[in-house]
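Letters A, B, ... are given to chains in the order of the sequence lines, protein chains preceding strands, and every chain is numbered from 1. As the structure is a computational prediction, the values presented were derived from the model and not from experiment.
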There are 2 protein chains.
Amino acid sequence: MSLRHAVLAALLDGEHSGYQLTKLFDVGVSNFWYAAPQQLYAELTKLEADGLVAGREVVQQGRPNKRVFTVTEAGVAELAAFAAAPAKPLLIRDDLVVKVHAVDVLDPAPLIAQLLERAEQAAAKLALFEKMLKRLRGDRDEGAFLREGERIGPYLSCLAGCRLEREMRDWCLSTARTLGERSAHPGRTTRS
Amino acid sequence: MSLRHAVLAALLDGEHSGYQLTKLFDVGVSNFWYAAPQQLYAELTKLEADGLVAGREVVQQGRPNKRVFTVTEAGVAELAAFAAAPAKPLLIRDDLVVKVHAVDVLDPAPLIAQLLERAEQAAAKLALFEKMLKRLRGDRDEGAFLREGERIGPYLSCLAGCRLEREMRDWCLSTARTLGERSAHPGRTTRS
DNA sequence: GCGTACATGTAATGTGTTACATGATTTA
DNA sequence: TAAATCATGTAACACATTACATGTACGC
């Protein structure tokens, strides 16, 4: 039941439509929550019915109209209750690491390809996150910004995203290298 | 539908009962897949029905009997098909980072407590993983083991777990410090 | 006798994913 | 005119979580 809190937290950054949230949650790991587009539309409907967000129609030229949402006072209260409650443990599920775990009975070639692809995706996200950090802190350096900035939440969560993506990239690259070298010099008994 | 592959991968490490898998998946992030106990029992039943694992009754003294499972040839084939298919993107969901994202409208005190608690948990897991790495590589150094070891999959996935837990620990500590210092010296306009 | 660890499940509920459906407007 | 982006949803299905249920055996 905490998709709603993730949505509320995302809406603190400003008014957004369902579609815009889709994009934010697609980059997603930035705020450590993944959600599919359809989940977001459904959740926004529920949140509005519960009075935690307020919707507003925005008429656009050249594009379909959209509804943008803001967090209400009740929404902030809900977030406060959520933050005070004990945090659930991190939920993580990753195909790729499972495959690597099983690599000894598998053909390593497709895995190496997938690791390199994932490394690239991670590098791209990292670049995106670092750009966002720069934008958030403006001309201040990080220390000063974290001491004096008015809004540091998104910056701090983005730092977490950076750490994750950096490690993901490096792990993928080093794992791909290890597997590649073993394929090139199979100095051990072949299994299967 | 890849809980089954995570289970198959875990069973490559040796015969395990449902209960034992419960413990492995509870430490869990080591192989980057979280699953609740009830999921595992259900999945094992299905896997056995599909012929991907073989169960064997183990009679114990002083304890209830248990059924342990091994991956069959069909199971390995299933894993191979899984590994060859494109990997799904990493799925991550973390309450705690969502809370930090929203910290600017919240009371930071309970959050700081949660961050420190999480840091401790991460440190404990890291220690566990590092012990496991030592056990897996034996007396060889890492480079030699990765070049010459016969079974490196679990080692590589455990390295990923180490990276994640190390970063989680450091991020939690540095975020808690930042929030703590701001509470101590509120040199900015108070909101709300 | 009580709590903890071992050991395994069923059933109900809640959440998330996938497929389908629609339609405007912009760029190639 | 075909594809891409913007924009929002419904419905069916798959999956995960929670609560409940049961029972052995060990150590305190």
Side-chain angles (χ1 to χ4, degrees), chain A residues 1-7 15-29 32-50 53 55-69 82 85-95 98, chain B residues 1-7 15-29 32-50 53 55-69 82 85-95 98:
Chain A
M1 240 271 229
S2 351
L3 167 61
R4 57 184 348 170
H5 304 115
V7 171
E15 281 188 331
H16 290 292
S17 67
Y19 189 77
Q20 288 173 302
L21 284 177
T22 292
K23 300 297 154 194
L24 288 177
F25 277 77
D26 194 33
V27 171
V29 190
F32 276 72
W33 203 275
Y34 166 80
Q38 295 77 358
Q39 273 179 280
L40 295 173
Y41 285 113
E43 194 61 44
L44 282 170
T45 306
K46 272 190 251 165
L47 281 167
E48 198 182 18
D50 295 350
V53 302
R56 180 170 77 82
E57 185 89 20
V58 173
V59 180
Q60 303 183 111
Q61 321 91 309
R63 281 182 202 183
N65 295 345
K66 62 180 176 183
R67 306 205 68 212
V68 294
F69 298 89
F82 164 65
K88 282 186 217 146
L90 171 76
L91 172 66
I92 196 162
R93 288 192 177 123
D94 190 354
D95 269 19
V98 171
Chain B
M1 241 273 226
S2 355
L3 167 61
R4 57 185 347 169
H5 304 115
V7 172
E15 281 187 331
H16 289 293
S17 67
Y19 189 77
Q20 287 173 302
L21 284 177
T22 291
K23 301 297 156 193
L24 288 178
F25 276 76
D26 194 33
V27 172
V29 190
F32 276 72
W33 203 275
Y34 166 80
Q38 295 77 0
Q39 272 179 281
L40 295 173
Y41 285 113
E43 195 60 44
L44 282 170
T45 306
K46 273 190 250 165
L47 281 167
E48 198 182 17
D50 295 349
V53 302
R56 179 170 77 81
E57 185 89 18
V58 173
V59 180
Q60 303 184 110
Q61 320 91 308
R63 282 182 200 183
N65 295 345
K66 63 181 177 183
R67 306 205 67 212
V68 295
F69 298 88
F82 164 65
K88 282 186 216 143
L90 171 76
L91 172 66
I92 195 162
R93 287 191 177 124
D94 190 354
D95 269 19
V98 171

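- The OH atom of A:Tyr34 sits 11 Å away from the P atom of C:dG16 (whole-angstrom rounding).
- Salt-bridge check for A:Asp50 with A:Arg4: passed, with a basic side-chain N closer than 4.0 Å to an acidic carboxylate O.
- Between A:Gln39 atom CD and C:dA19 atom P there is a gap of 15 Å when expressed in whole angstrom units.
- Put simply, CG on A:Leu40 is 13 Å from C1' on C:dT17, counting in whole angstrom units.
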**OP:** Using the side-chain contact (heavy atoms from CB on, under 4.5 Å) rule, take A:Gln20 and A:Val68 through it: C-alpha gap first, then chi angles, then the decisive distance, then the call.
**Re:** CA-CA 9 Å; A:Gln20 288 173 302; A:Val68 294; 4.2 Å; yes
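- Residue contacts shown for B:Arg93 are limited to sugar-phosphate atoms, with no base heavy atom under 4.0 Å away.
- Atom-to-atom, CD of B:Glu43 to P of C:dT10 comes out at 14 Å; the value is rounded to the nearest Å.
- Atom CG of B:Leu3 is separated from atom P of C:dG16 by 17 Å (rounded to the nearest Å).
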**OP:** Do nucleotides 7-12 of chain D as a string where each nucleotide becomes B, S or -: B if the base has a protein heavy atom under 4.0 Å, S if just the sugar-phosphate does, - if no protein is that close.
**Re:** BBBB--
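- The 5' end of DNA chain C is approached more closely, in terms of each residue's nearest nucleotide, by A:Met1 than by the other of A:Met1 and B:Lys88.
- In this structure, B:Asp95 has no salt bridge (charged side-chain N to carboxylate O under 4.0 Å, His left out) partners at least two apart in sequence or on a different chain.
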Please list, one pair per line, the donor and acceptor atoms closer than 3.5 Å that link side chains of residues 37-46 of chain A to other protein atoms, with sequence neighbours excluded.
from    : atom 1 : to      : atom 2 : distance (Å)
A:Gln39 : OE1    : A:Ala36 : N      : 2.9
A:Tyr41 : OH     : A:Tyr19 : N      : 3.4
A:Thr45 : OG1    : A:Tyr41 : O      : 2.9

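- In this structure, B:Lys23 atom NZ and C:dA7 atom P are separated by 10 Å, rounded to whole Å.
- Atom CG of A:Leu3 is separated from atom CH2 of A:Trp33 by 7.0 Å, given to the nearest 0.5 angstrom.
- Residues passing the salt bridge (charged side-chain N to carboxylate O under 4.0 Å, His left out) test with A:Arg93: none are found, sequence neighbours excluded.
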Subject >> CA sep, side-chain torsions, deciding dist, call: B:Phe82, B:Ser2, side-chain contact (heavy atoms from CB on, under 4.5 Å) >> reply: CA-CA 8 Å; B:Phe82 164 65; B:Ser2 355; 4.0 Å; yes
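- Axis angle between the ends of the helix from C:dG1-D:dC28 to C:dA28-D:dT1, five pairs each and rounded to 10 degrees, works out to 30°.
- Applying the side chain to side chain donor-acceptor pair (under 3.5 Å) test to pairs two or more places apart or on separate chains, those with a residue in residues 55-66 of chain A are A:Glu15-A:Arg56.
- When the options A:Val7, A:Leu21, A:Val53 are evaluated for a side chain to side chain contact (heavy atoms under 4.5 Å, CB included) with A:His16, the one that passes is A:Leu21.
- The distance from atom CD of B:Gln61 to atom C1' of D:dA25 is 13 Å, rounded to the nearest whole Å.
- One atom, CH2 of B:Trp33, and another, C1' of D:dC15, lie 11 Å apart when rounded to the nearest Å.
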